[in-house]
Amino acid sequence: MPELPEVEVTRRSFATQIAGAHIQSLELGKPLRWPLGCDPAVLSGQRVLAVRRRGKYLLLDLDHGLLLLHLGMSGSVTFSWAPGPAGKHDHFSLNTSRGVLRLNDPRRFGAVVFAPGEDSPQAQKLLGKLGVEPLGEAFVLEDFVRALKQRMSPIKQVLLAGDTVVGVGNIYASEALFLAGIRPTTRAARLSRARVERLHGAIRSVLARAVEQGGSTLRDFSNSQGESGHFQLEAAVYGRAGLPCRVCGSLVRTIRQGQRSTFFCPVCQKP
DNA sequence: CACGGATCCTGATGGC
DNA sequence: TGCCATCAGGATCCGT
């Protein structure tokens with residue numbers, strides 16, 4: 001479920017409540033993508049100082065080190081005072097003085113990793129090659145133009161790779177390219193400066209709008225308080241194969257790119 | 001090194 | 001109802 005908007009919505013839904021909480025204990029379920037990377041006793045007694053986001057990672061700052069949380073394809077977080085017993089897919093529970101933080105992840109592509117600091121090898125292995133934050137000031141048009149000039153892959157796949165700009169996943173890549181009027185198969189390096197400028201704006205606006213809408217709830221995404229998102233209701237092309245384009249009425253098409261579905265309007269989006 | 005495909009895992013859905 | 005194939009919001013690893 002989690003692209004940048006879903007992760008940011010999740011972050012906002014519990015960051016304030018957990019700030020200052022003391023970690024009491026943790027419970028682990030089945031293995032996630034990577035091992036925790038520390039003895040659980042290392043976490044006990046530490047405080048959670050703040051919750052930040054980098055790309056699709058949640059960063060829980062602790063007194064000594066940080067926890068990196070990734071939601072993978074099917075992960076979601078809950079934070080509540082009196083949760084029931086851990087369910088079948090609750091694979092990480094952090095008991096704190098202010099409530100229980102849980103990662104529920106049926107497919108277990110997600111992860112929770114401890115790192116002694118943001119510059120540590122453990123953290124840099126995960127964060128080191130991430131691209132720029134699209135909603136921040138560092139997402140500069142000139143840099144984006146220059147970066148795309150060096151990529152021969154289709155623009156959709158460059159966006160998904162996340163080493164140029166982070167946070168754009170399968171839903172928002174299709175949506176941003178629709179807004180920009182760009183065919184997803186177009187090679188990144190072949191885009192004109194004017195079209196890259198449109199894409200730059202489209203990425204920012206589609207992600208910002210999705211955050212406002214609480215993210216997208218396709219099957220079961222919800223924030224840490226259990227609330228669904230609404231962005232999927234206004235998606236222009238994602239999940240709309242065979243339906244009329246909301247702008248021109250042509251039928252939305254779907255293709256496969258790198259084992260992922262891509263949706264686009266054959267008339268509004270030019271190669 | 002840049003690229004594209006295979007891969008991890010579970011569940012939902014649709015065809016027969 | 002069962003069985004099988006396909007698909008799903010991600011990102012790493014590996015061969016070319």
Side-chain angles (χ1 to χ4, degrees), chain A residues 1-11 29-35 53-58 68-77 87-92 103-113 122-131 134 147-177 184-190 203 206-207 210-211 213-223 228-235 237-242 254-263:
Chain A
M1 33 182 92
E3 299 181 37
L4 182 150
E6 289 74 31
V7 177
E8 177 61 18
V9 164
T10 297
R11 188 191 71 79
K30 288 190 187 177
L32 292 162
R33 178 166 195 164
W34 297 300
R53 180 189 56 74
R54 176 73 177 101
K56 297 172 188 171
Y57 286 91
L58 287 172
L68 295 95
L69 242 108
H70 198 289
L71 307 183
M73 286 279 265
S74 57
S76 59
V77 162
K88 184 178 180 184
H89 300 302
D90 292 327
H91 300 303
F92 178 87
L103 175 64
N104 181 278
D105 186 4
R107 294 176 73 182
R108 291 189 283 127
F109 291 171
V112 182
V113 174
Q122 294 96 314
Q124 283 304 303
K125 182 184 172 195
L126 302 180
L127 307 177
K129 292 191 172 170
L130 296 184
L148 293 189
K149 270 279 170 274
Q150 308 185 209
R151 299 297 210 100
M152 289 311 297
S153 300
I155 182 62
K156 160 90 173 333
Q157 297 185 236
V158 172
L159 294 180
L160 285 190
D163 48 359
T164 298
V165 56
V166 291
V168 182
N170 210 38
I171 297 177
Y172 304 110
S174 282
E175 292 299 309
L177 288 167
T185 47
T186 306
R187 307 266 154 185
R190 304 198 52 168
I203 289 169
V206 82
L207 294 178
V211 171
Q213 291 299 299
S216 295
T217 298
L218 295 193
R219 8 173 65 88
D220 55 5
F221 169 74
S222 58
N223 67 27
S228 293
H230 304 290
F231 183 86
Q232 74 282 1
L233 300 174
E234 58 188 67
V237 289
Y238 186 86
R240 301 192 68 241
T254 180
I255 56 173
R256 302 287 291 180
Q257 290 182 286
Q259 288 92 258
R260 314 297 300 279
S261 291
T262 298
F263 301 85

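All of these numbers come straight from a predicted model, not from anything done at the bench. A note on names: the letters A, B, ... follow the listed sequences, proteins ahead of strands, and every chain is numbered from 1.
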From the set [options], return the single nucleotide nearest to any side-chain atom of [X].
X: A:K125; options: C:dC7, C:dC13, C:dA11; answer: C:dC13
X: A:R108; options: B:dC3, B:dC9, C:dC7; answer: B:dC9
X: A:R33; options: C:dA11, B:dC3, C:dC7; answer: C:dA11
X: A:K88; options: B:dG11, C:dA8, C:dT12; answer: B:dG11
X: A:Q157; options: B:dG4, B:dG11, C:dT12; answer: B:dG4
X: A:P154; options: C:dG10, B:dG4, C:dT12; answer: B:dG4

Touch check for [X], heavy atoms < 4.0 angstrom, all strands: base, sugar-phosphate only, or nothing?
X: A:Y238; answer: sugar-phosphate
X: A:R260; answer: base
X: A:K129; answer: nothing

Any [X] side-chain N or O less than 4.0 Å from OP1/OP2 of [N]:
X: A:S153; N: B:dG4; value: yes
X: A:S74; N: B:dG11; value: no
X: A:H89; N: B:dT10; value: no
X: A:K30; N: B:dC9; value: no

Would you confirm whether [X], through its side chain, and [Y], through its main-chain N or O, come within 3.5 Å as a donor-acceptor pair?
X: A:H91; Y: A:K30; result: yes
X: A:R53; Y: A:G55; result: yes
X: A:T254; Y: A:A241; result: no
X: A:K56; Y: A:G167; result: no
X: A:E3; Y: A:N170; result: yes

Would you mind reading off the distance between [X] atom [atom1] and [N] atom [atom2], rounded to a whole angstrom?
X: A:W34; N: C:dT12; atom1: CH2; atom2: C1'; result: 7 Å
X: A:Y57; N: C:dA11; atom1: OH; atom2: P; result: 7 Å
X: A:R187; N: B:dG4; atom1: CZ; atom2: C1'; result: 11 Å
X: A:Q259; N: B:dC8; atom1: CD; atom2: P; result: 13 Å
X: A:L159; N: B:dC3; atom1: CG; atom2: P; result: 13 Å
X: A:I155; N: B:dA2; atom1: CD1; atom2: P; result: 16 Å
X: A:L4; N: C:dA11; atom1: CG; atom2: P; result: 11 Å
X: A:K149; N: B:dA2; atom1: NZ; atom2: P; result: 17 Å

* Tell which nucleotide pairs with B:dG15, taking only Watson-Crick or G-U wobble pairs whose two distances are both under 3.5 angstrom. =>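 Base partner found: C:dC3.
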* **Nearest-angstrom distance, P atom, B:dC9 to C:dC3** =>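 Comparing P positions in B:dC9 and C:dC3 gives a spacing of 23 Å.
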* Asked: If you measure from the P atom in B:dG11 to the same atom in C:dT12, how many Å do you get, rounded?
  ->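 Going atom to atom, P in each nucleotide, I get 25 Å.
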* Asked: With distance as the sole criterion, do the side chain of A:R107 and the base of B:dC9 form a donor-acceptor contact below 3.5 Å?
  ->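 In this structure, the two groups form a donor-acceptor pair.
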* When only distance counts, do a donor and an acceptor, one from the side chain of A:Q150 and one from the base of B:dA2, lie under 3.5 Å apart? ->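 In this structure, the two groups form no donor-acceptor pair.
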* **Most 5' of A:A161 and A:F263 on DNA chain C, judged by nearest nucleotide** =>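 Looking at DNA chain C, the more 5' nearest nucleotide goes with A:F263.
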* Face-to-face stacking of A:F109 with B:dC8, centres under 5.5 angstrom, angle under 30° ->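 It does: the ring sits over the base of B:dC8.
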* **Under 3.5 Å side-chain donor-acceptor pair for A:T262 and A:R256** =>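 Checked: A:T262/A:R256 side chains show no N/O donor-acceptor pair below 3.5 Å.
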* Asked: Do A:Y172 and A:I203 pass the side-chain contact (heavy atoms from CB on, under 4.5 Å) test, and can you show the C-alpha distance, the side-chain angles, and the key distance before you say yes or no?
  -> CA-CA 8 Å; A:Y172 304 110; A:I203 289 169; over 6 Å; no
